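Counting starts at 1 for both ligands and their atoms, in listed order. Quantities reported herein were computed from a predicted structural model and do not represent experimental measurements.
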Amino acid sequence: MTSTSHESAVPGCGKPSKSGLARVGFSTGFGVLAATLGSAVGLGNIWKFPYLTGANGGAGFLLVYVLATLLVGLPVMMAEISLGRVGKANPISTLQALAPKGQPWWLIGAAGMLGAFLILSFYSEVVAWVFAYVVKAMRGSILSSDPKVTEAAFGALISDPMQSLLWQWGVLVFIGGILLMGVTKGIEAITKRLMPILLLLLVLLCAVSLSLDKALDGLVFLFQPDFSKITASVVLTAMGLAFFKLSIGMGTMMTYGSYFRDDQNIPLTTVRVMAADLCISMLAGIAIFPAVFTFGFEPTAGPALVFITIPAVFSQIPMGQGLMVVFFVLASIAATGAMLSLMEVPVVILHERVGLSRPKATLLTIALLVVLGSASALSNSTLAEFKLFGLTPFDVADFVSSNIILPIGGIFIALFVGWAWGLDKFSQAMSNQGQLHNQQLIRAVFFLLRYVSPALILIVMLKGLKLF
Ligand code: TRP
């Protein structure tokens, strides 16, 4: 997916970009789908979705999340991919090339780069926990259905500053190595083959979880909305999650769009990615909540939720320990794919805009993340008392990126397509120059982008942040 100028050419897909670098597209339609899915599916599905659903009251949150995905997420994702494919460059150059002269829409791309750093600063720490859990699972010390045992195991990891930092640095060196060796394609090939196994494992976990005593309580929590729990801040969190899970609002999908083939059906690919992403989250939810209620975990446990409940589910299966190792290995791979896509934005911008070589751009990005990320890594130890609005540095990065930066990016991307780029050009991109007969759909999406999504995002943000 992250094919760039120096990687092997795919016949018929290369196009010179604005900067004169030959960009090389994805080779097959399935490759596009798999790569885009590789960015969307990550710890957002396995970690963030369950913890936020638990913390925000369950089914009501899920309902708002699905609505936000349909009304805001899908249109913005289609907008980003369309812009990227037409611009064929990094987000800043794309927006500069497509905007009317003198209008500073490229700032969306610049903001996206900052957003990428903020997200990566805490995401790399969650990936660090997942990597650490591979080793913990091998040792077997965490396989238990006793909340006290699994909580203590997770607590021991995050409250140890050295372990937290070293695992995070390990993750950053690993990802940097993949980028520097130019083997992202190889990694994606592996991801593509292994993800079906993760899916199977999730289905197995669901089956086990559903057979537990209080499975019904978990299902009620997940599927029977209690509307009194839907507050303005719950709505904002659900919308932020929709942005985060679809990797939109900061240029990732625009960058991916720049690698799309010209005959790729953008609306169809987008809908498929969204549907698959939603399914995987639902499986994660069904695997976790029945266990939460059966074994007496707290649904509101926060970022720890998955790490403390998953071992309890595996403790109920024969060969649970081995399977749990497999689970965390696969989760690491899914997380690596998502992280590579996040890194792609700063790396491509530093390469194409600032003129650094790709290796230098990669090294600089990693070096910055080692510094920035340490604030998140130390949030539960050295910096535990260091709070902003009552939140640790980790929580601030998590909250600000999903609930402020991505939605603002989304507003401006929608406004750009709706008001500056216009229906004609959007329609050309979405219909492959009129070859697809999807005019009605395009008009509906355009209407959402021009009027509905920006207004909705703004209102949700202002209300959710209590500014209005
Ligand atoms: N969507 C990914 C996940 O669910 C995370 C991610 C990758 C992301 N690229 C992004 C989030 C860009 C926001 C923006 O884990």
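- Side-chain contact annotation: Asn380 with Ser159, donor-acceptor N/O pair under 3.5 Å absent.
- With a heavy-atom cut-off of 4.0 Å, Ser39 touches ligand 1 through backbone and side chain alike.
- Within the 4.5 Å cutoff, no side-chain heavy atoms of Thr252 are placed close to those of Glu344.
- Below 3.5 Å of separation, one finds an N or O of Ala40 facing an N or O of ligand 1.
- Contact of the Phe49 side chain with the Leu62 side chain is registered, since non-hydrogen atoms from C-beta on lie closer than 4.5 Å.
- Side chains of Ser402 and Lys48: a donor on one and an acceptor on the other come within 3.5 Å.
- Residue contacts with ligand 1: Phe243 is placed with no nitrogen or oxygen under 3.5 Å of a nitrogen or oxygen of the ligand (distance criterion only).
- Between the side chains of Glu352 and Ser93, not a single donor N or O lies within less than 3.5 Å of an accepting N or O.
- Aromatic ring pairs are classed by plane angle as parallel below 30°, tilted from 30° to 60° and perpendicular above 60°; the pair Tyr51 and Trp47 is tilted.
- Distances below 4.0 Å separate heavy atoms of Asn45 from the following atoms of ligand 1: 4 (O).
- Of the protein's heavy atoms, Tyr123 OH, 2.5 Å lies nearest to atom 15 (O) of ligand 1.
- Heavy-atom proximity to Ser341, at under 4.0 Å, picks out these atoms of ligand 1: 7 (C), 9 (N).
- Near Gly42, with a cut-off below 4.0 Å to any heavy atom, the atoms of ligand 1 are 3 (C), 4 (O), 15 (O).
- Ring geometry for Trp129 versus Phe307: interplanar angle over 60°, hence perpendicular rather than tilted (30 to 60°).
- Only side-chain heavy atoms of Thr252 come within less than 4.0 Å of ligand 1; its backbone N, CA, C and O stay farther off.
- In this structure, of Trp47, Phe49, Tyr256, Phe244, the residue bringing a heavy atom nearest to atom 11 (C) of ligand 1 is Phe244.
- Listed here is the closest heavy atom pair of Ser124 and Leu172: CB-CD2, 4.1 Å.
- Considering only non-hydrogen protein atoms, atom 6 (C) of ligand 1 sits nearest to Ser247 OG, 3.5 Å.
- For a threshold of 3.5 Å applied to N or O pairs, the pair formed by Ile119 and ligand 1 contains no separation below that value.
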